[in-house]
Trainee: 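Got a structure for you, written out below as structure tokens; questions coming shortly.
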Amino acid sequence: MCADISKKIIEKWRDEQIRLSLKIRHLPLKIKSGLIAGIDVSYKDTYIYCSIVVLSFPKLEVVNIYNKKGEVEYPYIPGFLSFREMPVVLRTFNRVKEDIFLIFCDGQGIAHPRGFGLASHIGTVLRIPSIGCAKSRLVGEYRPVAKKKGNFSELIYKNKVVGAVLITKDNTNPVFVSAGNYIDLESAIRYTLDCSVYRIPEPTRLAHKYVTSFRESR
DNA sequence: GCGACAG
DNA sequence: ATCTTGTCGC
């Protein structure tokens, strides 16, 4: 399938992350209504599945769902997740005909060793504002956060604020939010809270639900 | 060398 | 990510 990824490839990927990370821009996003999307990927054997859910904002009603199956090309390597998931994600997104103004991704944005996690990669390639909302930490340190919706502590990495450890629902563990591209952290936090009903924001939570059922049906 | 390490 | 039952707590 994808045994040992040569060090050459990883070097190339590292260079690409550094090169593309220079294109990242942090801007306040102020769109009040429109369509947003949630992306999630699932695996089974040598197959990889992707679901993209289009939702209305701020009502959060499902407008459309796109599913696509592909083959696993690379193994999971911390820091290089996007190269494993980007292929199916792009092929799935090519089918999306709606105009999306914001994308939620299951993973890190700039809270990454080289400031270019999955959300940054997706946002940069698609040229659409993106937010990384991960369930666990990849890099950075932070102070504990009281479990009250809206609370957060800064995620610090190399003496820079790269994200927020945010409580999206009372009495639940935090999620790790970081800007992907074309959005700043403040806006990312704002939209994440506006899209949260449960711990995981609706776009990503629904995408995960749909991709799981899609995988189990094929 | 040891420990950490998105999904 | 994936394989899995019951169980504690709001």
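Residue numbers begin at 1 in each chain, while the letters A, B, ... track the order of the sequences. All values below were derived from every heavy atom in this structure, side-chain atoms included, with hydrogens, water molecules and symmetry-related copies excluded.
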Trainee: Can you identify which nucleotide, out of B:dC5, C:dA1, B:dA6, has its nearest atom closest to the A:Ala134 side chain?
Mentor: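 Of B:dC5, C:dA1, B:dA6, B:dA6 is nearest to the side chain of A:Ala134.
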Trainee: How long is the line joining CD1 of A:Ile77 and P of B:dA4, in whole Å?
Mentor: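 For the pair A:Ile77 CD1 and B:dA4 P, the rounded distance is 20 Å.
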Trainee: What is the separation between atom OH on A:Tyr198 and atom P on C:dG9, rounded to the nearest whole Å?
Mentor: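 Distance check: A:Tyr198 OH to C:dG9 P gives 22 Å.
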Trainee: Rounded to the Å, how far apart are A:Arg114 CZ and B:dC5 P?
Mentor: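 Distance check: A:Arg114 CZ to B:dC5 P gives 16 Å.
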Trainee: Starting from the 5' end of DNA chain C, give me the residue, A:His208 or A:Asn171, whose nearest nucleotide shows up first.
Mentor: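 That would be A:His208.
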Trainee: Go through B:dC5, B:dA6, B:dG7 for me and flag the one nearest to the A:Leu118 side chain.
Mentor: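 When the side chain of A:Leu118 is considered, B:dA6 is the closest of B:dC5, B:dA6, B:dG7.
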Trainee: Would you indicate what A:Phe80 reaches in the nucleic acid, counting non-hydrogen atoms under 4.0 angstrom: base, sugar-phosphate, or nothing?
Mentor: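 Counting heavy atoms under 4.0 Å across all strands, the contact made by A:Phe80 includes a base.
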Trainee: Any side-chain N or O of A:Tyr76 below 4.0 angstrom from OP1/OP2 of B:dA6?
Mentor: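 Yes, because at least one side-chain N or O of A:Tyr76 sits under 4.0 Å from OP1 or OP2 of B:dA6.
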Trainee: Distance alone, cut at 3.5 Å: any donor-acceptor contact between the side chains of A:Arg215 and A:Ser42?
Mentor: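 Short answer, yes.
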Trainee: Whether the A:Thr204 and A:Asp106 side chains hold a donor-acceptor pair (N or O, under 3.5 Å, no angle test) is what I'd like checked.
Mentor: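 Note: A:Thr204 and A:Asp106 side chains miss the donor-acceptor criterion.
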Trainee: Using a cut-off of strictly less than 4.0 Å, decide whether A:Lys135 has a side-chain nitrogen or oxygen near OP1 or OP2 of B:dG7.
Mentor: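 Yes.
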Trainee: Give a yes/no on whether any side-chain N or O of A:Ser136 is located under 4.0 angstrom from OP1 or OP2 of B:dG7.
Mentor: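 For A:Ser136, the contact criterion (side-chain N or O under 4.0 Å from OP1 or OP2 of B:dG7) is met.
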Trainee: Nearest whole angstrom, please: distance from the C1' of B:dA4 to the CZ of A:Arg137.
Mentor: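 In whole Å, B:dA4 C1' and A:Arg137 CZ are 7 Å from each other.
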Trainee: Distance alone, cut at 3.5 Å: any donor-acceptor contact between the side chains of A:Tyr43 and A:Glu85?
Mentor: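 Looking only at side-chain atoms, A:Glu85 and A:Tyr43 do form a donor-acceptor pair, the distance falling under 3.5 Å.
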Trainee: Without hydrogens or angle criteria, can the side chains of A:Ser130 and A:Asn181 be said to hold a donor-acceptor pair below 3.5 Å?
Mentor: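 Note: A:Ser130 and A:Asn181 side chains miss the donor-acceptor criterion.
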Trainee: Counting the benzene-type ring for Trp, do A:Tyr74 and A:Phe83 have ring centres under 6.0 Å apart?
Mentor: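 No, too far apart.
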Trainee: What is the distance, rounded to the nearest whole Å, between atom OH of A:Tyr74 and atom P of B:dG7?
Mentor: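 About 22 Å, once rounded to whole Å.
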Trainee: Can you check the A:Leu138 CG to B:dA6 C1' distance for me, whole Å?
Mentor: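 One finds 5 Å between C1' of B:dA6 and CG of A:Leu138, rounded.
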Trainee: By the 4.0 Å heavy-atom rule, please label A:Gly132 as base, sugar-phosphate, or nothing.
Mentor: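 No contact at all - A:Gly132 keeps every heavy atom at 4.0 Å or more from the nucleic acid.
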Trainee: From CD of A:Gln108 over to C1' of B:dG7, roughly how many Å is that when rounded to an integer?
Mentor: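 So the CD-C1' distance, A:Gln108 to B:dG7, works out to 10 Å.
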Trainee: With a 4.0 Å cutoff (strictly under), does any side-chain N or O of A:Arg84 reach OP1 or OP2 of B:dG7?
Mentor: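 Indeed not, no polar side-chain atom of A:Arg84 lies that close.
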Trainee: Out of B:dG7, C:dT2, B:dA6, which nucleotide sits closest to the side chain of A:Arg215?
Mentor: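 Nearest listed nucleotide: C:dT2.
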Trainee: According to a cutoff of under 5.5 Å between the ring centres and under 30° between the ring planes, does A:Phe176 stack with the base of B:dA6?
Mentor: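 Not stacked: fails the 5.5 Å / 30° test.
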Trainee: Check whether any side-chain nitrogen or oxygen of A:Ser42 sits under 4.0 Å from OP1 or OP2 of C:dT2, and answer yes or no.
Mentor: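 For C:dT2, OP1 or OP2 has a side-chain N or O of A:Ser42 closer than 4.0 Å.
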Trainee: In whole angstroms, how far is the C1' atom of C:dG9 from the NZ atom of A:Lys147?
Mentor: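 Atom-to-atom, A:Lys147 to C:dG9, this comes out as 12 Å.
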